[in-house]
Structure formats: C-alpha cells, structure tokens
Amino acid sequence: MIVIITGMPGSGKSRIVREFEKRGFPSVSLGDIVREETLKRGLQLTKENVAKVSIRLRQELGQNAVAKLAVEKVKTLLENSPLVVIDGVRSLDEVGTFRSAFPEEEIVIVAVHTPPKLRFERLKARGRHDDPQTWEEFEERDWKELKFGIGSVIAMADYMLINDGSKEEYEEKVKALVEEIIRGLNRGGA
C-alpha cells in the first residue's frame with residue numbers, strides 16, 4: 001500500500017508521516033527530493049532557489065517531475081515494507097505517476113485541511129528556511145501550490161483530516177486515522 005499525504009503548507013502533513021514512521025513504515029518526502037535536486041545543481045537551499053528548481057524540474061520533466069524522481073526510492077522501500085508513505089504530492093499528474101508505477105499497490109490519499117490564518121501562524125513559528133514571514137509571502141506560496149494542482153489532489157482524497165483545534169485533538173485524529181489505514185492494510189485493503 002502507498003499512502004499519499006497532501007495538504008497546503010503548514011496544514012499538519014508531517015505529523016501524519018511521523019505517526020506512520022513511529023509504527024515502522026518508511027516515507028519519501030517530495031519536498032526533500034526538490035531540496036536534494038537544488039543541492040545537486042550547486043545551489044544553496046534558499047526559498048528562491050528551491051522554488052526555481054521546483055519549477056525548472058517541471059519544465060524539464062513535466063508536471064509530474066518530482067514524482068518521477070521519487071519512484072525508484074518508493075520501489076526500494078516497498079521491497080522491505082508493506083506500506084510506504086509519500087509526503088507532499090501536489091498534483092493529479094503526480095498521483096497518476098504513482099498509480100502507473102505501482103499498479104499492484106493500493107494507493108490511499110490522505111488530505112489535511114487547516115484554515116489559512118492558522119497555517120500562517122504555524123509556518124511563521126516553524127521557522128524553516130522557506131517558510132513565509134509575511135501574509136503576502138504566505139498568499140504567494142499558497143497560489144503557487146494551487147497552480148501546481150494541489151486542490152485537485154485534496155478533492156480526490158480518500159480521507160480528510162480537519163486540523164483546526166488543539167494540538168492534542170489533532171494528535172488523536174492522526175492516531176485514529178493511521179490505525180484505520182493499517183487495519184485496512186492488514187485486511188488486504190483500506
């Protein structure tokens with residue numbers, strides 16, 4: 001089984017990934033693949049460089065470029081695990097790439113929704129190099145994500161978590177969802 005995690009920046013995707021990892025399931029981050037590619041091209045990890053490489057990859061390899069680069073990593077992980085999590089899928093083209101590359105695997109899409117103002121506050125607090133510090137930067141990043149097609153992936157989700165309450169409430173939702181997906185894996189389907 002492949003579990004695709006999607007959602008806007010700062011929505012809480014990584015918390016779901018960590019819950020699967022705590023239970024022994026590996027993950028591949030599409031964002032990490034873009035950051036690795038940025039370094040391979042001799043560029044520093046700045047917000048601008050990562051954004052440029054992300055766009056350039058799609059110009060060079062198509063809208064599903066990052067997914068194409070992830071396929072071999074996912075194949076390797078599936079050799080030793082019945083479930084692999086893919087974090088950060090942003091388009092239906094990317095979903096299609098994984099469906100084509102893994103026709104025997106069940107693919108489950110999990111989306112997280114968090115209201116924009118809450119995401120902005122979380123991103124500012126997170127402090128990663130590419131996190132927006134102003135509302136304008138935040139909106140610009142959201143528009144970029146939406147242009148990639150992330151809204152369509154969210155619309156196609158098999159599961160939707162709403163992350164608008166306390167951290168503890170979200171933790172409980174995440175644990176319950178991960179348990180449900182793992183039970184489906186153990187039964188041979190979600």
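If you read the sequence from its start, that first residue is 1, and numbering goes on from there. No experiment lies behind these values; they were computed from the predicted model shown.
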> How many angstroms lie between atom OH of Tyr170 and atom CG of Asp164, to the nearest 0.5 angstrom?
Replying inline: 11.0 Å

> Looking only at heavy atoms, which two atoms of Ser11 and Val112 are closest? And how far apart?
Replying inline: O-CG1, 3.2 Å

> Which atoms form the tightest heavy-atom contact between Trp135 and Phe120, and what is the distance?
Replying inline: N-CZ, 3.5 Å

>> Let's go through Leu185 and Phe25 carefully: what are the C-alpha distance in whole Å and the side-chain angles of both, what is the deciding distance for side chain to side chain contact (heavy atoms under 4.5 Å, CB included) to 0.1 Å, and is it a yes or a no?
In response: CA-CA 12 Å; Leu185 172 69; Phe25 298 107; 4.2 Å; yes

>> Surrounding CD of Glu60 (heavy atoms of other residues, nucleotides or ligands, distance under 6.0 Å), is the total greater than 12?
In response: yes

>> Please give me the minimum heavy-atom distance between Ser27 and Leu77, naming the atom from each residue.
In response: O-CD1, 4.0 Å

>> Evaluate Ile181 against Met1 for side chain to side chain contact (heavy atoms under 4.5 Å, CB included), listing each step before the verdict.
In response: CA-CA 10 Å; Ile181 290 172; Met1 177 186 290; 3.6 Å; yes

>> In the structure I gave you, are the side-chain heavy atoms of Arg119 and Asp142 within less than 4.5 Å of one another anywhere?
In response: yes

>> Quick one, Lys22 and Val178 - any side-chain contact, counting heavy atoms below 4.5 Å?
In response: no

>> Taking Leu30 as the starting point, is it possible to reach Ile5 by hopping between hydrophobic residues whose side chains are less than 4.5 Å apart?
In response: no

> Can Val74 be reached from Phe20 by stepping across I, L, V, M, F, W or Y side chains whose heavy atoms are under 4.5 Å apart?
Replying inline: no

>> For a 4.5 angstrom cut-off between non-hydrogen side-chain atoms, does Glu172 reach Glu168?
In response: no

> Would you say Lys68's side chain and Leu61's backbone share a donor-acceptor pair under 3.5 angstrom?
Replying inline: yes

>> Tell me if a side-chain donor or acceptor on Asn49 pairs with a main-chain N or O of Gln44 at a distance below 3.5 Å.
In response: yes

> Distance from Ser100 atom OG to Asp93 atom CG, nearest 0.5 Å?
Replying inline: 10.5 Å

>> For the backbone of Thr114 and the side chain of Asn163, can you confirm whether one donor and one acceptor N or O come within less than 3.5 Å of each other?
In response: no

>> Applying a strict under-4.5 Å side-chain criterion to I, L, V, M, F, W and Y, I'd like to know whether Ile86 and Leu92 cluster together.
In response: yes

> Any donor and acceptor pair, going by atom type alone, linking the side chain of Tyr159 with main-chain N or O of Leu177 inside 3.5 Å?
Replying inline: no

> So does Glu19 pair up with Arg23, basic N to acidic O under 4.0 Å?
Replying inline: yes

> Should Arg41 and Leu57 count as side-chain neighbours, where that means a heavy-atom distance under 4.5 Å?
Replying inline: yes

> Can a salt bridge be assigned to the pair Glu72 and Lys75 using a cut-off of 4.0 Å between side-chain N and carboxylate O?
Replying inline: yes

>> Any salt bridge linking Glu140 with Lys144? Criterion: basic side-chain nitrogen under 4.0 Å from a carboxylate oxygen.
In response: no

> If only atom types and distance count, is the side chain of Ser54 paired as donor or acceptor with the main-chain N or O of Val50 below 3.5 Å?
Replying inline: no

>> Testing the basics here: between Pro132 and Arg141, what is the closest heavy-atom pair and its distance to 0.1 Å?
In response: CD-NH1, 3.5 Å

>> How long is the straight-line distance from CE of Met160 back to OG1 of Thr6, given to the nearest 0.5 Å?
In response: 9.0 Å

> Does one side chain, of Glu139 or Trp143, offer a donor that lies under 3.5 Å from an acceptor on the other?
Replying inline: no

>> Show me the pairs that pass ring-ring contact (aromatic ring centres under 6.0 Å, His included) and involve residues 70-115, at least two apart or across chains.
In response: none

>> Test your reading of the model: is there a side-chain donor-acceptor pair from Lys13 to the backbone of Met8, 3.5 Å cut-off?
In response: yes

>> Go through it in stages, so that I can follow the logic: the residues are Lys73 and Ile33, the test is side chain to side chain contact (heavy atoms under 4.5 Å, CB included), and I'd like the CA-CA distance, side-chain angles, deciding distance and then a yes or no.
In response: CA-CA 10 Å; Lys73 287 184 182 200; Ile33 288 174; 4.3 Å; yes

> Glu94 side chain to Asn64 main-chain N or O, any donor-acceptor pair under 3.5 Å?
Replying inline: no

>> Strictly distance-based, threshold 3.5 Å: is any side-chain N or O of Lys173 a donor or acceptor partner for the main-chain N or O of Ile162?
In response: yes

>> Other residues, nucleotides and ligands only: do more than 12 of their heavy atoms fall within 6.0 Å of NZ on Lys117?
In response: no

>> Does this structure show an ion pair linking Arg18 with Glu171, if we count only N-O contacts that are shorter than 4.0 Å?
In response: no

>> Just so I know, are the side chains of Leu78 and Ile2 near enough to count as touching, which here means a heavy-atom distance under 4.5 Å?
In response: yes

> Do Val66 and Arg58 touch side chain to side chain, with heavy atoms closer than 4.5 Å?
Replying inline: yes

> Nearest 0.5 Å, what's the CZ-CD distance between Arg99 and Glu106?
Replying inline: 9.5 Å

>> Same cluster or not: Ile182 versus Val108, using hydrophobic residues (I, L, V, M, F, W, Y) connected whenever any side-chain heavy atoms lie under 4.5 Å apart?
In response: yes

>> Treating Ser81 as the side-chain partner and Val84 as the backbone partner, does any N or O pair qualify as donor plus acceptor under 3.5 Å?
In response: no

> Transitively linked via ILVMFWY side-chain contacts under 4.5 Å: Val28 with Val89?
Replying inline: yes

> Under the 3.5 angstrom rule, does the side chain of Thr38 hit a backbone N or O of Leu45 as a donor-acceptor pair?
Replying inline: no

Donor-acceptor pairs under 3.5 angstrom involving side-chain atoms of residues 146-158: please list them, not counting sequence neighbours.
residue	atom	partner	partner atom	Å
Asp158	OD2	Ile109	N	2.7

> What pair of heavy atoms forms the shortest contact from Pro9 to Leu123, and how long is it?
Replying inline: O-CD1, 3.6 Å

